[in-house]
Amino acid sequence: MGDNINIGKVLDRECFKYNFTSSTSTATATASDTSAQDGVIKEQDRLLPIANVGRIMKQTLPPNAKISKEAKETMQECVSEFISFVTGEASDKCHKEKRKTVNGDDICWALATLGFDDYAEPLKRYLHKYRELEGERATQNKSNTYENI
């Protein structure tokens, strides 16, 4: 992996500046819309559900292993930050290219740019296979539509 090449990018990134509000907030829909415009992001909106994080963690552990609440919450923060970090890099690329939509190729590019080559390559292969299957599914649906006419 790249030796500290991207440290400047990490320090310059502004996607980690959040103002948090408690998930127990009882704000109305209008007030929450306003707070989102003010840059305040509710914790429940910026973090993956902890049950999902725990389920993923559990898959790699022996059946009798336990995971503390603190460990789940720590991992929840980490994966949410990682998603924001990678997506921010991909978004910067799209902005420079005057595009509004971040796609799978942009995410793969961001992973590689940030030094996560070990993840970028398998993800590229997955994306290619996904697109092949989606193309086959679209062709199948099209032929089924014509048969029903």
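The shown structure was predicted, so the numbers you read here are calculated from the model rather than taken from an experiment.
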Residues that, via side-chain heavy atoms closer than 4.5 angstrom, fall in one hydrophobic cluster with Ile56: none
Apart from Ile67 itself, residues in the same hydrophobic cluster as defined by side-chain heavy atoms under 4.5 Å: Leu48, Val53, Met57, Leu61, Met75, Val79, Ile83
Distance, nearest 0.5 Å, that separates CG of Leu123 from CG of Asp117: 12.5 Å
For Glu70, side chain to side chain contact (heavy atoms under 4.5 Å, CB included) partners two or more places apart: Ser68, Thr74
Residue list, side chain to side chain contact (heavy atoms under 4.5 Å, CB included) with Thr60, at least two apart or on another chain: none
Connected via hydrophobic side-chain network under 4.5 Å: Phe85 and Leu47: no
Residues which pass side chain to side chain contact (heavy atoms under 4.5 Å, CB included) with Ile50, listed by chain and number, not counting sequence neighbours: Lys72, Glu73, Gln76
Listed partners of Lys93 passing side chain to side chain contact (heavy atoms under 4.5 Å, CB included), at least two apart: Glu97, Arg99, Asp106, Trp109
Residue pairs fulfilling side-chain hydrogen bond (donor to acceptor under 3.5 Å, both in side chains) with at least one residue in residues 130-140, sequence neighbours excluded: Asp105-Arg131, His128-Glu132, Glu134-Arg137
Nearest atoms (heavy-atom pairs only) where Pro63 meets Lys58: O-NZ, 3.9 Å
Ring centres under 6.0 angstrom apart (Phe116, Phe82): yes
ILVMFWY clustering at 4.5 Å (side-chain atoms), partners of Leu127: none
Residues forming a side chain to side chain donor-acceptor pair (under 3.5 Å) with Arg55, sequence neighbours excluded: Asn52
Considering all heavy atoms, the nearest Ala110-Ala90 contact: CB-N, 3.7 Å
N/O donor-acceptor pair under 3.5 Å between Lys100 side chain and Cys94 backbone: no
Shortest non-hydrogen contact from Ala120 toward Cys108: CB-O, 3.6 Å
